[in-house]
Every structure is written in C-alpha cells, then in structure tokens.
Protein chains: 2
Amino acid sequence: MEPTERLGKKRISESTIHRLSLYYRTLSMLEKENYETVSSKELAKREKLTPAQVRKDLSFFGTFGTRGLGYPVIELKKQIATILGIDRQWRVALVGVGNIGSALVSYKEFSRQDFHIVKLFDNDQRKIGSNHKGIVISDIKNLQTELQEAKIEIVIIAVPAAVAQYIVDDVVKANIKAILNFAPVNLKVPDDVYVRNENMSMELEYLSFAMVNEHPKKKLK
Amino acid sequence: MEPTERLGKKRISESTIHRLSLYYRTLSMLEKENYETVSSKELAKREKLTPAQVRKDLSFFGTFGTRGLGYPVIELKKQIATILGIDRQWRVALVGVGNIGSALVSYKEFSRQDFHIVKLFDNDQRKIGSNHKGIVISDIKNLQTELQEAKIEIVIIAVPAAVAQYIVDDVVKANIKAILNFAPVNLKVPDDVYVRNENMSMELEYLSFAMVNEHPKKKLK
DNA sequence: ATTATTTTGTGAAGCTTTTCACATAAGCCG
DNA sequence: CGGCTTATGTGAAAAGCTTCACAAAATAAT
C-alpha cells in the first residue's frame, strides 16, 4: 500500500523563499493602494519576474487564487506571512554595537516585520551599561546566560571577523538555532543551527564585475 | 568556415560571481596564513562548497592551477581580483547619510577592496555642509552635476523607499551605470544600468521560514 | 443560458547549474 | 627513470529551477 502523497518536508528553493519576501513587500504596497485582488501578471511586473514564476512559487504552499480573478491581496499577504513565519514576534539579540550594529537597531524593515531587537551586547566598557535607543547594552561576558534568560530566538552578529567565531560558539551554547551573520567569515556551527550570511561588499563586487565585463543581464520578457 | 570557438560574452551565473567573492576572501586569509598553494578541496572546505564546484567556477575564466599541487594563493587572488574588476579603484558616492548610510561610510570591507566613497549626499539641511568622516555632505539638489564633476562610477542608495525612485532618476541622468540599492523597493532604470538590491530583512525572513518549517538544509558532503 | 474572456494551477519541456568521474599532468621518492 | 600519489580540468550525467502551454474554473456579457 503506497501512500498517495507524502506531504512532508520537501525542500523549497532558497530563491522561492526570497521571492516570497518580495511578494510580501509588494502586497503591502498594493494593500496601501487599495487593491482588492492582484493577478500573477501584475505581481510579476512589479518585481520583474514572470507570471508563471509567481504562480509556481505560490503553488508550492497551496492554492490562494481565484481563476479569472487573481489573488486576494490582504488574504494572500496574510498567508505569506504565515508561511514565512512573520505572523508572530521574534525575539532578537544583536551582538556588536558598532557601525553596522547600531544602524541595524534602528532599521525600520526589521521592526516593521516583527523582528524585535530586545538585547544588545558589546565588549567595549564605555558602551556597556549605556542606553542605546532604549536598550541597555550588556556585557558580552554574560552572553550565554542573558540570551537564555531573555528567551532570544535569533542572534545577529555584527562584530569584527576575527572574534565572530568565539561569539558564535557562545551563542550556540545558549541553544540559539538561528544566526544572521554580518562578519565576513564562514562560521562553524552544528547541523541544527541555521546561519545566513549578509555580505554587503559582494553586491558591490558583482557591480564591479558586471561593468568590467559588460556582463549581459539575464533575459527578462 | 566556422570559427572554432566564439569567446564572446557567455553569461556567467550570478552564483559563480558570488563564489568568486568568497574565494577572494578566503585567499586573502590563506595569504595571511602564509600558504603558498591551496587545493580546490581546501578552498571548498573553507566556504562549505564542493571541490568540483570550485574547479568549475575557476575553469570559466582560465586555468590557474597545477595538477598534483593546487592553486598558487597569491597569483590566484590576483587573477580573481582582475576578473571581478577589484584590481582598481572605484569612485563611489553614497546618497542618504542616515542609519545605514553612515554605517556604510565606515564599512571596512568596502575600503579594503578599493571601493572609495568619495561623495556623500543628503537632503537634511542640518547635515548638508557638515563633515562626516572626512567627507563634506553635499546637497542632494546638486546630485546630477556633482556626480559628474566627481567622476563617480557607482552610487549607493540608502534613502527611504518613498524617495528612492526620484533619486535614481537623477542618478541615471548623471550617466551612472551601477547602483547598489538599500531601499526596499524595485527601482526602474534603463537597460544599460546595473542595479543590485541589498535587502537585509530578507535573510532574517529566511531564518524565520527555516525555523517555522524545520526546513532541511541543502545537502553538503 | 450560452459564449467569450480572464487568469489560475500544474504537468511537462526546456534550460541552467551542480556533481560525477576520469583522463591528464605534475611532483615526489627511491 | 619509473611507478605512485596528488589534484587539476572538463565532458557528460544528474539534479534543480524556470518557463511553457493548456485544461479548468470563475466571472462578465449578451
């Protein structure tokens, strides 16, 4: 007896998830513009994709549209929020309140999507204890215990590359399963910890490459 | 008479270029650690890739290794710099000296790779004329002319989403062909202008998705 | 109520990227 | 120098992702 369909964890591509983020953003705009429904065509146009791509992406998660009509804006937005897990608050800590770090504390897109930075850590004695945008900066020495006490779920690393691995080791000990890393270094973590890297010079390098090589763009109809 | 091979502009995948950035970074570290040569195996291990991937990526651009030995660290680093176009200085301007903007001005990875931010622009009267990390902030009203006068080649957009398109229109008029955009909006530009988007909440959303769905990771041997 | 129109959802085709596997070349060692 | 080891470079296979194309479903129009 063969089960008709194993619904389990099929792997969804990274690109699909990233496009869901784009759809979410576009749907927020459409909502503000008082659209009630939107077609895959319109959604595609706004993010420079193809309608088929939009429909395929959504089809991995269910059927959300009405034939002949399109997708209901508010409802689809809600559904995508659920898929992405951003229909709830996430408790986030940030380590390293330097240039990048302090910019991130005030980064609107984070708070708008219910990523709440509730703890800050640094190793600089002049910063520790001071209040930064309403959050008192903690000593990195107490990282592990304070992450646990504050029930942090996601940690953002914004420290120099040279010390990032030491900090991550502590973060892992605090049983954190998700890390967003801004340090330009490849972090070693156990298999059950998710790490995503944010490397801002990569995109500049891509631009540089494209210009030097007059790199053709991907065709887009 | 058919030419044996058309060497022209075959499209290199975005992933390959991004990995070249990673190789470049790793090679810099290997250089510091006084390695003379490195195998595709070691290079792969350091960036969590496969050796075949490393060799294939490099093979698009030439043959850089020695069989039985590996790749010469310093030489390969130099070659990748040439491919990426980071063996020269790029003149960069940044528009929007807010949270993100000012963090980017001091971002070490940019300057280390010869992306030189030489102009800053803002529309805030309190900031205009003031000196920020050695650069006087210009009025955004003069964007077009000042970009041209300063011979800027790359513009970084770090302004609110609502005004990004207006600024980009001016940037395009100044004949700039490369834009790095931090505003969460899809910019419209002519076909010959390269735009890369940096969206920091996307990676947080990916983490959120992964946690909520216990998303399996891509297998890595 | 029938026909025309719109637009979804989705197998299948097509294309791209990654991985495999092996011939080939270089170094090393006795 | 000849055999052994290491590790590249690369066609070919495999896997993964995107686009096509069309049946199905819903609305609108007459």
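Since we're looking at a predicted model, the values are computed, not measured. Throughout, a chain's letter reflects where its sequence line sits, starting with A, and its residues are numbered from 1.
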Check this for me, if you would: do [X] and [Y] make a salt bridge, where the nitrogen-to-carboxylate-oxygen distance has to be below 4.0 angstrom?
X        : Y       : result
B:Arg46  : B:Glu33 : yes
A:Arg196 : A:Glu14 : yes
B:Glu31  : B:Lys77 : yes

*Report which part of the nucleic acid A:Lys41 touches: base, sugar-phosphate, or nothing (heavy-atom distance under 4.0 Å, all strands).*
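The residue A:Lys41 makes no contact with any strand.
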*Using a 4.0 Å heavy-atom cut-off across all strands, classify A:Ser40 as base, sugar-phosphate, or nothing.*
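Sugar-phosphate contact only - A:Ser40 comes under 4.0 Å of backbone atoms but never of a base.
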What is the separation between atom [atom1] on [X] and atom [atom2] on [N], rounded to the nearest whole Å?
X       : N      : atom1 : atom2 : value
A:Leu76 : C:dT7  : CG    : C1'   : 15 Å
A:Glu36 : D:dT27 : CD    : C1'   : 15 Å
B:Ile12 : C:dT16 : CD1   : P     : 13 Å
A:Phe64 : C:dG9  : CZ    : C1'   : 12 Å
B:His18 : C:dT18 : NE2   : C1'   : 18 Å
B:Leu58 : D:dG9  : CG    : P     : 8 Å
B:Leu43 : D:dG9  : CG    : P     : 12 Å
A:Arg67 : D:dA25 : CZ    : P     : 6 Å

*Using the closest heavy atom to pick a nucleotide of DNA chain C for each, name whichever of A:Ser59 or A:Leu69 lands nearer the 5' end.*
A:Leu69
Between [X] and [N], is there a contact of a side-chain N or O with OP1 or OP2 at under 4.0 Å?
X       : N      : value
A:Arg11 : D:dA15 : no
A:Gln53 : D:dT19 : yes
B:Thr50 : C:dT19 : yes

*Of A:Ala52 and B:Tyr71, whose nearest nucleotide on DNA chain D comes first from the 5' end?*
B:Tyr71
*Find which nucleotide of DNA chain D each of A:Asp57 and B:Gly70 is nearest to by heavy atoms, and output the residue with the more 5' nucleotide.*
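In this pair, the answer is B:Gly70.
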Would you mind telling me which of [options] lies closest to the side-chain atoms of [X]?
X       : options                : answer
B:Ser15 : C:dT18, D:dT18, D:dA21 : C:dT18
B:Ser13 : D:dA7, C:dT17, C:dT10  : C:dT17
B:Arg55 : C:dA26, C:dT8, D:dT8   : D:dT8

*Ignoring hydrogens and geometry, is there a side-chain-to-backbone donor-acceptor pair from A:Trp90 to A:Gly85 under 3.5 Å?*
yes
*asked:* Can a side-chain donor-acceptor contact be found between A:Asn175 and A:Lys177 if the only test is distance below 3.5 angstrom?
replied: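 Indeed, the side chains of A:Lys177 and A:Asn175 share at least one donor-acceptor pair under 3.5 Å.
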